[in-house]
Amino acid sequence: MKNAYFPQEIEKKWQKIWEENGTFKTPDESAKPKYYALSMLPYPSGKLHMGHVRNYTITDVIARFKKMNGFNVLHPMGWDSFGLPAENAAMKHGAEPEKWTLENIAYMTKQLKMLGLSYDWDREVTTCLPDYYKWTQWLFLQLYKKGLAYKKSAAVNWCNECGTVLANEQVIDGKCWRCDSVVEKKYLSQWFFKITEYADELLKDLDKLPGWGDNVKTMQANWIGKSEGAIFNFKVVENDMVVPVYTTRPDTVHGITYLVVAPEYKDIEALTTPENKEAVEAYRANARKMTEIERLSNDRVKTGVPLGTHCINPFTGEKFPLWTADYALAEYGTGAVMAVPTHDARDFDFAKKYNLPMKVVIQNAENPSDCNDAAYTEEGVLINSNEFNGMKNTEAKKAITQKAVDEGFGEFKTQYRLRDWLISRQRYWGAPIPVVYCEKCGIQTVPEEQLPVLLPKDVDFSVVGKSPITTSKTFAEATCPCCGGKATRETDTMDTFVCSSWYYMRYADAKNDKAPFSKELINHWLPVDQYVGGIEHAILHLLYSRFFTKALRDLGLLDFDEPFKNLLTQGMVLKDGAKMSKSKGNTVDPDEIFENYGADTARLFILSDSPPARDFDWSDAGVEGCYKFLNRVWRLISSNAENISVSYSLPSSLTKDNDDLVRIVHMAIKGITNDISNDFQFNTVISKYRELVNAIYDWCGKKSQLSDEDKAVLSFAIVSLIKLMSPVAVHLCEEAWTELGGEGSIHAQEWPVWDENLAKASSITLVVQINGKLKDKIEADEALNQDELKELALSSPKVKELTEGKTIVKTIVVPKKLVNIVVK
RNA sequence: GCCCUGGUGGCGGAAUCGGUAGACGCGUCGGACUUAAAAUCCGGUUGGAGUUAAAUCCAGUGCCAGUUCAAGUCUGGCCCAGGGCACCA
């Protein structure tokens, strides 16, 4: 074994050998139980960044740990390779999106291999290739047949910069998730997936996911936004129309003093009197001009205009005016709200501004409010509410709604904030939506046997203001599968999140050309046992994937309810306290780290300083420290190589020094195994590697010549060390294993086991406290009983001195650990 | 405003059940080796008091209370930071 550690040399060597030997291939059939470890697949942007390195290293260590613990581990990798950057690169540099994408994939694949990741590359999935997107299109057709894909005209989010529409989930604070430009509203006919059909199950089944963090689950629950309330129908006085409103406060219905409809409310024109028409039109025109940001801004003063018409409150017979105001949202509930200024903060502000009347209907004796300065939104008892007076408002919600149901002017209603998923994109580089439009037959899906609908090649990427795909001379021409006549092909492509909603299913059966996957294999491998990725997908990708799983289950394609059993959301990689980004200039290039220190150092460091879920601060000194540590490990092994053998046998009785070291090794095995099993605390795992290495060095320092017993103990310690470190320092440990005469790959070895009796020190340290404060420590035999421990503590000179002249009130003995003497 | 997460040395962070606060590392200070440097090795490093040096004592896990023989850990009430949602009726 060489004296010096040359990571670049040994890493290249082993990567080649692993590839040639197929070390990381996963058979579908195995006597071992399955384990599916998955990283979120990357977008091939060009180069790996440190966030990727962190993500994939975490998953890789988990996969290797599970493999050594007897599982048949599926650990695949692929590319989320459709999407706008490829198209933008095509516009800028004239490169074909496909060529640009595949070149990036080739480069990043090389980088992943340099990191020493244990992927089964035979299962690689590339979403932009026809053998994958064929099945994305096929799945679209199945969803369409089931009524879960449909086309409708709606006000949609439009990003001018990207030249396409966006899903609600892709609008962050009124801005585009990708380019950060302000999103506008447009009225367009688009394709949607009916995710709302699963709103309730998506919410309810979060309870089936104890292996997900609460933060992600609450984010999803908030996004789905379930609320329970009622719909009431209000008759219009001036004509025979009815205005339905949704409310979560049916208990306040006797306090209504006006009613508001959104400026985009569908019947607003019919509800406006001729005298008010001009003002209402002007108000609506102004509302249309405003961006989402302006309209949603928090501190904006509420505005509105009266429509001139009136409604009757069916509960009281009272007549009240109708207004339009942009604090009512057209897309939520019915687009109309009943206003109770006394018990709703928004209605209160509006009523104050326009001097609208107020009527208190809920009071709380302990906390009375006249609602002059603010709305009272807490609980209380009903007043001014006819037969409901004196009822608790929580009970009145039900009773009042029931009355509306009985008398035919209302119903109980559950409302969700979640909207259907808009999947059309006016872009080229995506999976074409497999649909044609026939003048005679209307919307027609492309027959399954004609899939895939391939992307055209004769495309001009220099066009502005429209999708490049529309410049193809041939693409739009199609034949109607129904009548055989001329038809026009859909030119929109699918949101890339459609492709990534099922990629983890394809890994189970990546080469299948008859179906997206076989039922047998998908039910064998899925659900994913451990999913690892960034928190930024808490809603987007994770919600869409859950929807896909449930929809495909209902299509009979698979038999499980949730795709990801356990989810680890890793923290960001920071440098100098800020997120690494090109614009800040604080990025670290993984290639440079591989070149200067090797992949094992990079892997060790990225796991070492923070627990996986927390943010990780990159520091050059930290990398250096890890590199030094690996050198130290190398020296420890190489300088002792002639005294170490992988086939050692430990004698049953040992000298004190040797017994101590054996115990330290058992403690390390136990601690490291528990730390990995318990939430993947790799930072403490690594500190335990260091402790073990330090202990072996200390032991070596005490020996000048090694006896046979010493050699066996040293072998035990070193072999255990390289097994324990092998999931992290994958190349170094493989090299050391081979150099020490190990058979096969270290990565195919069994994980070491500890002996509970040896995984502790040979004696205990008795902690002696007086009034709860540490006063003395005594080495003691573990076998001592409580009385003997008490005796021992009281015999301490220190204790004698401190208790002199005082009364011992009480003595608490914690077996094998501590004695606390309470004195006065 | 509502929800989630977190708050421990100069820094990253440790601390199964309530039982030695600060593991391990980074940084830093001192020493050894060397003509010198790098590398490596050894030792100190929460604050304060104390001493030639030690021993030793006091305080200390965001703040204020409480429970307990014993609280970083449990309970109640706050404060701060990060993230998510938000005129959702």
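Heavy-atom basis, side chains included; hydrogens, waters and symmetry copies ignored. Residue numbering restarts at 1 for every chain, and letters A, B, ... go by the order of the sequence lines.
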Engineer: Report the stems of RNA chain B as range-with-range entries sorted by first number; a stem here is at least three consecutive pairs, Watson-Crick or G-U wobble, both distances under 3.5 Å, and write none if there are none.
Structural biologist: B:1-7 with B:79-85, B:10-12 with B:24-26, B:27-32 with B:40-45, B:46-49 with B:56-59, B:62-66 with B:74-78
Engineer: Can you find a side chain N or O atom of K773(A) that sits less than 4.0 Å from OP1 or OP2 on rA21(B)?
Structural biologist: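 Checking rA21(B) against K773(A), no side-chain N or O comes under 4.0 Å of OP1 or OP2.
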Engineer: Using only heavy-atom distances, decide whether a donor-acceptor pair under 3.5 angstrom links the side-chain of K810(A) to the base of rC69(B).
Structural biologist: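 Looking at the base of rC69(B), it does not pair with any donor or acceptor on the side chain of K810(A) (distance under 3.5 Å).
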Engineer: For the base of rC69(B), is there a side-chain donor-acceptor partner from N820(A) under 3.5 Å away?
Structural biologist: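 Yes.
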Engineer: Please tell me which of the listed nucleotides, rU20(B), rA39(B), rC4(B), lies nearest to the side chain of K628(A)?
Structural biologist: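 Minimum distance to the K628(A) side chain belongs to rA39(B).
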Engineer: Can you tell me how far C1' in rA59(B) sits from the matching atom in rC3(B), rounded to whole Å?
Structural biologist: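 Between the two C1' atoms, the distance is 38 Å.
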Engineer: Is any side-chain N or O of N694(A) closer than 4.0 Å to OP1 or OP2 of rG25(B)?
Structural biologist: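 Indeed, a polar side-chain atom of N694(A) lies that close.
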Engineer: If we take the P atom in both rG10(B) and rC63(B), what is their distance in whole Å?
Structural biologist: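 Comparing P positions in rG10(B) and rC63(B) gives a spacing of 14 Å.
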Engineer: Determine the interatomic distance between P on rG7(B) and the same-named atom on rU61(B); round to the nearest Å.
Structural biologist: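 Per the computed distance, 14 Å lies between those P atoms.
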Engineer: Please work out if V822(A) contacts a base, only the sugar-phosphate, or nothing of the nucleic acid, heavy-atom cut-off 4.0 Å.
Structural biologist: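 Answer is sugar-phosphate: V822(A) comes under 4.0 Å of backbone atoms only.
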Engineer: C1' atom, rG50(B) versus rC58(B): distance in rounded Å?
Structural biologist: 11 Å
Engineer: Under 4.0 Å, counting only non-hydrogen atoms across every strand here, what does Q681(A) touch: a base, just sugar-phosphate, or nothing?
Structural biologist: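 Sugar-phosphate, no base atom in range.
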Engineer: Classify the nucleic acid contact of R417(A) as base, sugar-phosphate or nothing, counting any heavy atom under 4.0 Å across all strands shown.
Structural biologist: base
Engineer: How far, in whole Å, is rG76(B) from rC11(B) if one measures between their P atoms?
Structural biologist: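 Looking at atom P only, rC11(B) and rG76(B) are 31 Å apart.
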Engineer: What distance, rounded to whole Å, do you find between the two C1' atoms, one in rG66(B) and one in rU28(B)?
Structural biologist: 41 Å
Engineer: Check each residue of residues 682-689 of chain A for a non-hydrogen atom within less than 4.0 Å of any atom in RNA chain B, then write out the ones that pass by number, or none.
Structural biologist: N683(A), T684(A), S687(A)
Engineer: If the C1' atom of rC17(B) is compared with that of rG13(B), how far apart are they to the nearest Å?
Structural biologist: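 Those two atoms are separated by 23 Å.
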Engineer: Does the ring center of F320(A) lie less than 6.0 Å from the ring center of Y258(A)?
Structural biologist: no
Engineer: For the C1' atoms, the ones on rG43(B) and on rC57(B), what distance do you get once it is rounded to whole angstrom?
Structural biologist: 25 Å
Engineer: Taking any heavy-atom pair under 4.0 Å as a contact, classify E624(A): base, sugar-phosphate, or nothing.
Structural biologist: nothing
Engineer: Kindly say if K798(A) contacts the phosphate of rC57(B), meaning a side-chain N or O under 4.0 Å from OP1 or OP2.
Structural biologist: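 K798(A) to rC57(B) OP1/OP2: side-chain N or O found under 4.0 Å.
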